[in-house]
Number of protein chains: 2
Amino acid sequence: MKETIPDNPPLGLLLRLVHQHWTQAVDNALDAAGFGDIRPPHANVFTFTPPEGIQVSELTKLAHVRKQTMTQAVEELEKLGYVERRPDPNDRRGRLVFLTERGRAVRPIASATGRKVDERWAELTSPEEMEMLRQALKLLFEKLRDDQPAGAVSTSRSDS
Amino acid sequence: MKETIPDNPPLGLLLRLVHQHWTQAVDNALDAAGFGDIRPPHANVFTFTPPEGIQVSELTKLAHVRKQTMTQAVEELEKLGYVERRPDPNDRRGRLVFLTERGRAVRPIASATGRKVDERWAELTSPEEMEMLRQALKLLFEKLRDDQPAGAVSTSRSDS
DNA sequence: GGCAGATAGTAAGGTACCTGTCTATATATC
DNA sequence: GATATATAGACAGGTACCTTACTATCTGCC
């Protein structure tokens, strides 16, 4: 028996379930591409690290996660040999993240996983449907961002 | 400067950000109602526990979380005095969760927080927009549920 | 030149999910 | 009635986010 959801489910529930599917799909895509050691949070690093290097702080802004989260992803990728960090010549507080040769080889695959999932989902529904969904979410996010007292994002999850 | 998102952001990013807003809003609503000790995952328990009691396993199906997650929520609410557990007279493996008197008093507020957030979001955009979003997510979820080899939900998160 | 406030990164700690494994009980089948 | 399988719950452990607090350095202003 399939798991059912109520006729008028709370949005939080739907957002959580669909998001879980997304991350699972990204993870599967990475595994299928032969990169079992790259986990979803790492993908952002590949996606956003330019040839000239980038600070972790910049990466956090692009990926919309906190410093701690991004720092950990970078550290793990450093251990795995995909990136390296060097002092930022222009800012002695900072360090720049670079892709290693190995990292550059992986980059196209890692940064494409998201697009792959997008495409798969568009097949399941329709490109128009997905575009509508994306636009609706984007609009809502922008309204929320302008509405709330900004900042203050908790860690809690629920749906009721 | 407002946090910006790319023109064509990965869906995973949008899903995560909007979901974060949702849970934050639920948390705020509970605090505002004077129930700072009730955290978002608890709301499901209030929403789904009927007068005749219910097993944790049933709650997990309704809320779509794993046993461990729901068990923890129930244990916390038990410590706080909102619910109690008694042996299930019809199944010696199980225990039934009941709302205490205190729990029954809170129930309407706790289970309404989700609806409150829905309404607020409908004000920010429009009721039609929110309904469209809900339907799009629901449709997508159903397609995904029927598509995938079912089960296998990982814990990873990412957006690229 | 000196100082206030912003920013890069680190450290320590918490939450809401997830997984797999195990025991006891229930249920369905032969 | 015995046996295989499914289910309820407990236990141990992991992940991806989050928070606040701290140091070092940079930047803008007097």
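Each chain gets a letter, A, B and so on, in the order its sequence line appears, and its residues count up from 1. Note that the structure is a prediction, hence the values are computed from the model and not measured.
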Peer 1: Is it the case that Arg102(A) places NZ or CZ above or below the six-membered ring of Tyr82(A), under 6.0 angstrom from the centre and within 45 degrees of the axis?
Peer 2: yes
Peer 1: Send over the distance from Met70(B) CE to dA8(D) P, rounded to a whole Å.
Peer 2: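 Spelled out: CE on Met70(B) to P on dA8(D) is 14 Å.
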Peer 1: Determine whether more than 12 heavy atoms belonging to other residues, nucleotides or ligands lie under 6.0 Å from atom CD of Glu52(B).
Peer 2: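 Result for CD/Glu52(B): enclosed.
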Peer 1: Starting at atom CD of Gln72(A), determine the distance to atom P of dT15(D), rounded to an integer number of angstrom.
Peer 2: 8 Å
Peer 1: For a quick check, tell me whether the side chain of Arg92(A) and the base of dT25(D) share a donor-acceptor pair closer than 3.5 Å.
Peer 2: no
Peer 1: Is a donor-acceptor pair below 3.5 Å formed from side chain Gln20(B) to base dC18(D), judging by atom type as modelled?
Peer 2: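 Not at all, since no donor on one side and acceptor on the other fall under 3.5 Å apart.
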Peer 1: Kindly give the heavy-atom pair with the smallest separation between Thr47(B) and Arg107(B), and that separation in Å.
Peer 2: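 Heavy atoms only, the tightest pair is O-NH1, 3.6 Å.
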Peer 1: Can you tell me the distance, in whole Å, between the CZ atom of Arg16(B) and the P atom of dA16(C)?
Peer 2: 17 Å
Peer 1: Mind checking Thr69(A) for me? I need base, sugar-phosphate or nothing, with any heavy atom below 4.0 Å counting as a touch.
Peer 2: base
Peer 1: Give the nucleotide from the list dC18(C), dG9(C), dC17(D) with an atom nearest to the side chain of Val56(A).
Peer 2: dG9(C)
Peer 1: Which nucleotide, dA10(D), dA24(D), dC17(C), lies nearest any side-chain atom of Arg93(A)?
Peer 2: dA24(D)
Peer 1: Whole Å only: how far is the CG atom of Asp88(B) from the P atom of dG9(D)?
Peer 2: 8 Å
Peer 1: Could you tell me if Gln72(B) and Gln68(B) have a donor-acceptor pair between their side chains, going purely by distance under 3.5 Å?
Peer 2: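 No, no side-chain donor-acceptor contact under 3.5 Å.
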Peer 1: Check the distance between dA16(D)'s P and Ile38(A)'s CD1 and give it to me in whole angstrom.
Peer 2: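 Nearest whole value for this atom pair: 13 Å.
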Peer 1: I'd like to know if Lys61(B) pairs up with Glu58(B) as an ion pair, taking the criterion as any Lys NZ or Arg NE/NH1/NH2 lying under 4.0 Å from an Asp or Glu carboxylate oxygen.
Peer 2: yes
Peer 1: Would you name the heavy atoms of Ala63(A) and Leu13(B) that are closest together and state the gap between them?
Peer 2: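 Looks like O-CD1, 3.7 Å.
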Peer 1: How many Å lie between CG on Asn90(A) and C1' on dT7(C), as a whole number?
Peer 2: 15 Å
Peer 1: Whole angstroms only, please: what is the CG-P distance between Asn44(B) and dA16(C)?
Peer 2: 11 Å
Peer 1: Same cluster or not: Leu139(B) versus Phe141(B), using hydrophobic residues (I, L, V, M, F, W, Y) connected whenever any side-chain heavy atoms lie under 4.5 Å apart?
Peer 2: no
Peer 1: Looking only at side-chain atoms of Lys61(A), point me to the closest of dC17(D), dC18(C), dA8(C).
Peer 2: dA8(C)
Peer 1: If you check every side-chain atom of Lys67(B), which of dT10(C), dC17(D), dA8(D) has the closest atom?
Peer 2: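 Ranking dT10(C), dC17(D), dA8(D) by closest atom to the Lys67(B) side chain puts dA8(D) first.
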Peer 1: Under 4.0 Å from OP1 or OP2 of dG9(D): is there any side-chain N or O of Ser57(B) that close?
Peer 2: yes
Peer 1: What's the shortest heavy-atom distance between Val56(A) and Val74(A), and which atoms?
Peer 2: CG2-CG2, 4.3 Å
Peer 1: Decide, yes or no, whether a salt bridge links Arg120(A) with Glu123(A) under the criterion of side-chain N to carboxylate O below 4.0 Å.
Peer 2: yes
Peer 1: When the ring planes of Trp22(A) and Trp121(A) are compared, do they come out parallel, tilted or perpendicular, using 30° and 60° as the limits?
Peer 2: perpendicular
Peer 1: Let me test you: for the helix from dG1(C)-dC30(D) to dC30(C)-dG1(D), what is the angle between the axes at its two ends (five pairs each), rounded to 10 degrees?
Peer 2: 30°
Peer 1: Just the rounded figure in Å: distance from P of dA10(D) to CZ of Arg66(B).
Peer 2: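 Roughly 17 Å, once rounded to whole Å.
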Peer 1: Which one, dT15(D), dA8(C), dG9(D), comes nearest to the side chain of Gln55(A)?
Peer 2: dA8(C)
Peer 1: Looking at Phe98(A), I'd like to know if the NZ or CZ of Arg85(A) sits under 6.0 Å from its six-membered ring centre while staying within 45 degrees of the ring's axis.
Peer 2: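 No, Arg85(A) and Phe98(A) do not form such a contact.
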Peer 1: For dT10(C) and Arg95(A) - does any side-chain N or O of the residue sit under 4.0 Å from the phosphate oxygens OP1/OP2?
Peer 2: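 For dT10(C), OP1/OP2 do have a side-chain N/O of Arg95(A) under 4.0 Å.
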Peer 1: Among dT10(C), dA8(C), dC18(D), which nucleotide has an atom closest to any side-chain atom of Asp91(A)?
Peer 2: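 Ranking dT10(C), dA8(C), dC18(D) by closest atom to the Asp91(A) side chain puts dA8(C) first.
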Peer 1: Spell out yes or no: do the side chain of Glu58(B) and the base of dA8(D) have one donor N/O and one acceptor N/O closer than 3.5 Å?
Peer 2: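 No, the side chain and the base share no sub-3.5 Å donor-acceptor pair.
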Peer 1: 5'-most contact on DNA chain C: Gly94(A) or Gln68(A), nearest heavy atom basis?
Peer 2: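 Between the two, 5'-proximity favours Gly94(A).
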Peer 1: Quick one, which residues of residues 77-86 of chain B touch DNA chain C with a heavy atom under 4.0 Å?
Peer 2: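 Here the set is empty: none.
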